There are 2 protein chains.
Amino acid sequence: MAGPPWLHGRLRNAGFRLTLPREAILNVFAENPKHLSAEEVFLSVHEKYPGVGLATVYRTLDLLTQVGLVFKFDFGDGKSRYELASEAAKGHHHHMVCTRCGRIVDYSDFMEEEVKFIKGLEAELSKKHNFKIDKHQIHFYGLCERCQ
Amino acid sequence: MAGPPWLHGRLRNAGFRLTLPREAILNVFAENPKHLSAEEVFLSVHEKYPGVGLATVYRTLDLLTQVGLVFKFDFGDGKSRYELASEAAKGHHHHMVCTRCGRIVDYSDFMEEEVKFIKGLEAELSKKHNFKIDKHQIHFYGLCERCQ
DNA sequence: CTGCATGCAAACCCTTTGCATTGGG
DNA sequence: CCCAATGCAAAGGGTTTGCATGCAG
């Protein structure tokens with residue numbers, strides 16, 4: 001496996017080893033960069049590397065989240081979702097969750113105004129409540145086109 | 001138990017029975033109207049009514065959520081939180097979650113601008129993506145005053 | 001070589017469900 | 001009276017952990 005150099009550096013710098021499961025998991029995100037559940041990642045990795053266990057997937061997802069390579073989301077359906085941080089940063093977007101079928105629709109419209117607004121809010125809240133904010137999540141819930 | 005009349009009507013109208021566990025659970029929220037976990041509700045109810053089981057608490061919380069008497073939140077720590085809808089409506093607020101100690105800080109500052117902004121965003125997103133939005137959640141994550 | 005990382009399975013935690021019993025309307 | 005609602009315990013689903021083994025550095 002080639003292994004993207006940015007990953008190489010990022011992990012090494014943080015004092016972690018570059019292993020096959022870790023590369024495999026990152027590659028899954030690179031191929032399908034959208035809010036994946038741990039099980040989806042596991043199944044995907046499993047196709048090429050049946051030897052990789054589910055526990056390792058969880059441990060790696062946690063590691064990658066801590067290192068900042070992926071973001072972790074919780075849409076309230078009982079399972080966590082993960083997404084490449086670089087992807088999220090490149091095409092910054094938020095999510096709308098269908099409360100009937102569970103489909104997650106991304107949107108990136110109005111992000112400029114939204115980010116501007118949220119940043120301002122963050123600054124004011126941080127100051128007023130002495131709370132060091134480092135991330136936010138905005139989710140909309142409702143019915144998607146198909147379920148209405 | 002007295003039992004608030006508004007609850008009485010609300011449940012009856014929806015075709016549900018007014019039972020002791022249901023009143024007891026609503027009373028817990030009335031006394032402590034802040035994002036409670038199912039277990040916290042259970043323990044609270046248990047003090048006065050040891051006969052009420054955890055399963056009933058879950059079933060009731062689900063019922064109350066469906067009827068619209070309480071809101072359900074998920075802050076990503078693995079357990080759902082519930083809050084009186086009337087309370088939330090009266091003193092509309094959002095939450096900041098401490099990623100170290102799990103403390104949840106409410107804020108109600110800037111709500112007017114925030115709600116206005118979000119409503120506008122909802123309207124545009126609904127139209128553009130044909131997604132019928134009926135609720136949103138905005139959470140900020142970071143370090144609370146004590147944990148910094 | 002050294003010890004971090006892994007695989008496997010068991011443990012965990014929160015939540016849901018099956019079923020006999022209770023009690024509200 | 002009848003059926004919704006309950007209590008209890010067992011099952012379920014996602015995630016974490018203990019421990020012996022394996023492999024990156």
Side-chain angles (χ1 to χ4, degrees), chain A residues 1-3 5 7-26 35-46 48-67 69-70 72-82 102, chain B residues 1-3 5 7-26 28 35-43 45-46 48-67 69-70 72-82 102:
Chain A
M1 184 180 316
L7 160 62
H8 211 271
R10 196 70 171 268
L11 283 180
R12 298 290 323 286
N13 287 343
F16 298 106
R17 291 180 179 171
L18 184 63
T19 64
L20 185 145
R22 287 173 182 174
E23 288 192 47
I25 289 168
L26 257 300
H35 35 70
L36 302 172
S37 68
E39 190 187 3
E40 288 170 332
V41 172
F42 170 69
L43 290 175
S44 225
V45 169
H46 207 258
K48 288 188 181 175
Y49 305 91
V52 176
L54 181 56
T56 296
V57 170
Y58 274 105
R59 282 188 281 232
T60 301
L61 289 174
D62 194 46
L63 172 69
L64 296 175
T65 299
Q66 307 220 80
V67 173
L69 282 169
V70 311
K72 182 179 183 179
F73 295 96
D74 194 323
F75 296 123
D77 66 342
K79 55 188 77 170
S80 296
R81 311 274 170 164
Y82 304 83
Chain B
M1 182 178 320
L7 160 61
H8 213 269
R10 196 70 171 269
L11 282 181
R12 299 288 326 284
N13 288 344
F16 299 105
R17 292 180 179 172
L18 184 63
T19 65
L20 185 146
R22 287 174 182 172
E23 289 192 48
I25 289 168
L26 257 302
V28 168
H35 36 70
L36 302 171
S37 68
E39 191 188 1
E40 288 170 333
V41 173
F42 170 69
L43 290 175
V45 168
H46 207 258
K48 287 189 181 174
Y49 305 92
V52 176
L54 180 57
T56 297
V57 170
Y58 274 105
R59 282 188 281 233
T60 301
L61 289 173
D62 194 47
L63 172 69
L64 296 175
T65 300
Q66 306 219 80
V67 174
L69 282 169
V70 310
K72 183 179 184 179
F73 295 95
D74 195 322
F75 296 123
D77 65 343
K79 55 189 76 171
S80 296
R81 311 274 170 165
Y82 303 84

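In what follows, every heavy atom counts, from backbone to side chain, and hydrogens, waters and symmetry copies are set aside. Just so it is clear, the structure is predicted and the values come from calculations on it, not from any experiment. Naming convention: chains lettered A, B, ... in sequence-line order (proteins, then strands); numbering from 1 in each chain.
- In this entry the distance linking CG of B/L20 with P of C/dT22 reads 16 Å, nearest Å.
- Looking only at distances, a side-chain donor or acceptor of A/R22 sits under 3.5 Å from a matching main-chain atom of A/R17.
- Taking 4.0 angstrom as the limit, A/Y58 places a side-chain polar atom (N or O) nearer than this to OP1 or OP2 of D/dT15.
- Counting only heavy atoms from C-beta outward, the side chains of A/L54 and A/H46 never approach each other to under 4.5 Å.
- Side-chain contact between A/L20 and A/E23 is absent, with no heavy atoms from C-beta onward closer than 4.5 Å.
- The separation between B/F16 atom CZ and D/dA4 atom P is 11 Å, rounded to whole Å.
- Within the 3.5 Å criterion, the main-chain N or O of B/S37 finds a donor-acceptor partner in the side chain of B/E40.
- Regarding B/Q66, its CD atom lies at a distance of 16 Å from the P atom of D/dA4, rounded to whole Å.
- For A/R59 and C/dG7, a side-chain-to-base donor-acceptor distance below 3.5 Å is present, hydrogens and geometry of angles not being considered.
- The nearest whole Å value for the distance from the OH atom in B/Y49 to the P atom in D/dG7 is 13 Å.
- To the nearest angstrom, C1' of D/dT15 lies 14 Å from NZ of B/K79.
- The side chain of B/T56 sits closest to D/dT6 out of C/dA5, D/dT17, D/dT6.
- Listed nucleotides: D/dT15, C/dT6, D/dT6. Nearest to the side chain of A/A38: D/dT15.
- The main-chain N or O of A/V52 is never found under 3.5 Å from a side-chain atom of A/T56 such that the two would form a donor-acceptor pair.
- Look at CZ on A/R22: it is 10 Å from C1' on D/dA24, rounded to the nearest Å.
- Nucleotide D/dT6 holds its P atom 11 Å from the CD atom of B/E23, rounded to whole Å.
- As judged by a 4.0 angstrom heavy-atom cut-off over every strand, B/S80 is placed among residues touching the sugar-phosphate backbone only.
- For the pair A/L36 CG and D/dG14 P, the interatomic distance rounds to 15 Å; values are reported in whole Å.
- The listed nucleotides are D/dA5, C/dG25, D/dG14; the one nearest the side chain of B/R12 is C/dG25.
- For A/T19 and C/dT6, the shortest distance from a side-chain N or O to OP1 or OP2 is below 4.0 Å.
- Where B/R17 and B/K72 meet DNA chain C, the nucleotide closest to each residue was compared, and B/K72 sits on the side nearer the 5' end.
- Heavy-atom distances to DNA chain D give each of B/A55 and A/R81 a nearest nucleotide, and the one nearer the 5′ end belongs to B/A55.
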